[in-house]
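In what follows, a structure is listed as structure tokens, so that the remarks can point back to it.
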2 protein chains.
Amino acid sequence: MHCNKDSRILPGMKPTTDPQRSLATRLQASVQARGQRWTEQRQLIADVLAASDGHATGAELVERVRAADLSATPSTVYRTLDLLEELGFASHHHGVDGRETYHLEEVLAHGHLYCQGCGAEVELDATAAKPILAAIERATGYAADLDHLSLQGRCPSCRAAAAR
Amino acid sequence: MHCNKDSRILPGMKPTTDPQRSLATRLQASVQARGQRWTEQRQLIADVLAASDGHATGAELVERVRAADLSATPSTVYRTLDLLEELGFASHHHGVDGRETYHLEEVLAHGHLYCQGCGAEVELDATAAKPILAAIERATGYAADLDHLSLQGRCPSCRAAAAR
DNA sequence: TAGTCTATCGCAATGCATTGCAATAAGGAT
DNA sequence: ATCCTTATTGCAATGCATTGCGATAGACTA
């Protein structure tokens, strides 16, 4: 997803989550349902993303894909990642340095917290995030997207150190 | 601030906020206190940032600075922005597209909310953010940095439209 | 004033992400 | 099997941000 202001998430767009069918099968079905094609490269990119299990930057994914297929180019990788994201199978958020970090939706939706003091990075699962999302909704009316929740602050131990 | 994981905010680093002295004077004092120099270009860049009053991307600032001084280069602009940030006079966050957005600390600390449905972008002032920050602290122990609070989600009207 | 030290600047190169365009390949229809 | 339509791909170019390096210029000392 080039992620500018023109990009929109269509309401009600969710992958079928039938655990019986493999991820690859569901991906293929989703893509073909849109009149698009499921190619070897797309399979490879999805595999690499799945193997990266969690968090990989765009550049890392490009590198890993190219390691497996020299003919793959960055544009194809990024375009495929956009496609996976449009279909709801993957998502990305911008890390502290503004670079993209992708993960599969298979991994439970989660936010990210970065400590400006020690650099620690922790994840935030749905349960922990729930009260936060509730507070955001109360204060603003917005239903925040957990996957894009990327926060910075100071972790407990750095706060303690600073207060000393 | 190149904003990678090596960058750290030192505790207790806050600009003097004596409203008597002009921003330029305080900047100059802060910079020189570190054995560094207050140059014409730095003054210009600070002026441009102040005139942009709130939100300008790095590229926009570069463009405006170059409009006033052809000899200025992107590297100087970004390095100066980093310096202003280190001194606590400015800060940046990454917008939805991952690009940098800078503002002076003069502007009250505030977060940003982007709607994935309609693209609306609203600001979040300290008061509105307070319960959110409190929820984050309760859930995680982190003291989140309001200026870096950059959230995405769905605004009330888009939520209503989706629920239809 | 002359000399030294070092902060700053411009330049050029690099990395990451994106996009337009032309060539290709896949799939469906006849 | 052949043709036609259109999705996909690779390439090259672009934009934004960053960094190393050499040249410059400012500040301070003697």
Side-chain angles (χ1 to χ4, degrees), chain A residues 1-7 27-46 56-66 68-87 90 92-102, chain B residues 1-7 27-28 30-46 55-66 68-87 90 92-102:
Chain A
M1 187 133 333
H2 54 296
C3 196
N4 64 22
K5 309 219 167 177
D6 294 331
S7 65
L27 278 170
Q28 181 166 9
S30 277
V31 169
Q32 292 180 343
R34 299 179 14 142
Q36 292 178 285
R37 296 162 196 168
W38 191 242
T39 64
E40 277 185 38
Q41 292 208 21
R42 286 182 175 172
Q43 178 68 57
L44 170 61
I45 293 165
T57 65
E60 284 166 356
L61 292 172
V62 168
E63 191 183 357
R64 290 176 200 164
V65 167
R66 288 188 60 91
D69 177 359
L70 265 303
S71 73
T73 57
S75 48
T76 301
V77 175
Y78 283 107
R79 282 191 280 232
T80 300
L81 291 170
D82 290 352
L83 177 63
L84 295 180
E85 199 161 356
E86 273 175 50
L87 293 171
H92 82 276
H93 73 111
H94 299 285
V96 272
D97 55 2
R99 279 188 290 196
E100 323 233 317
T101 303
Y102 290 88
Chain B
M1 187 130 338
H2 54 296
C3 198
N4 65 20
K5 310 217 166 177
D6 293 332
S7 65
L27 278 170
Q28 181 166 9
S30 278
V31 170
Q32 292 179 344
R34 297 176 19 140
Q36 292 179 285
R37 297 164 194 164
W38 190 243
T39 65
E40 277 186 37
Q41 291 207 19
R42 287 181 174 173
Q43 177 69 55
L44 171 61
I45 293 165
H55 307 76
T57 65
E60 284 167 355
L61 293 171
V62 168
E63 192 183 357
R64 291 176 199 163
V65 168
R66 287 188 60 92
D69 177 358
L70 263 305
S71 74
T73 58
S75 50
T76 301
V77 174
Y78 284 108
R79 282 192 279 231
T80 300
L81 291 170
D82 290 352
L83 177 63
L84 295 179
E85 198 161 357
E86 272 176 50
L87 293 172
H92 82 277
H93 72 113
H94 299 286
V96 272
D97 55 2
R99 279 187 290 194
E100 324 232 316
T101 302
Y102 289 89

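These values consider heavy atoms only, across backbone and side chains, with no hydrogens, waters or symmetry-generated copies. Quick note on labels: first sequence line is chain A, next is B, and so on, each numbered from 1.
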Given atom CD of B:Glu63 and atom P of D:dC16, what is their separation to the nearest angstrom? 8 Å
Protein-nucleotide distance (B:Leu61, atom CG; D:dT18, atom P), rounded to Å: 12 Å
Heavy-atom nearest nucleotide on DNA chain C taken for A:Gly58 and for B:Thr80; more 5' hit belongs to B:Thr80
Can you pull out the residues from residues 38-46 of chain A that lie within a 4.0 Å heavy-atom distance of DNA chain D? A:Thr39, A:Gln41, A:Arg42
Just the table, please: protein N/O against nucleotides 28-30 of chain D N/O, every pair under 3.5 Å.
none

Qualifying residues under side-chain contact (heavy atoms from CB on, under 4.5 Å), relative to [X], sequence neighbours excluded:
X       : result
A:Gln43 : A:Ala24, A:Trp38, A:Asp47
A:Glu60 : A:Ala56, A:Thr57, A:Arg64
B:Thr39 : B:Arg37, B:Gln41, B:Arg42

Got a second to check how far A:His94's NE2 is from B:Arg99's CZ, nearest 0.5 Å? 10.0 Å
B:Thr73 side-chain proximity, nearest of C:dC16, D:dC16, C:dG10: C:dG10
In this structure, are over 12 heavy atoms from other groups packed under 6.0 Å from B:Gln32 atom CD? yes
Pairs: protein N or O with nucleotides 20-25 of chain D N or O, under 3.5 Å:
{"from": "D:dG20", "atom 1": "O6", "to": "B:Arg79", "atom 2": "NH1", "distance (Å)": "3.4"}

May I ask you to say what B:Thr57 touches in the nucleic acid, namely base, sugar-phosphate or nothing, with a heavy-atom cut-off under 4.0 Å? nothing
A:Gln36 and A:Leu87, any side-chain heavy atoms less than 4.5 Å apart: no
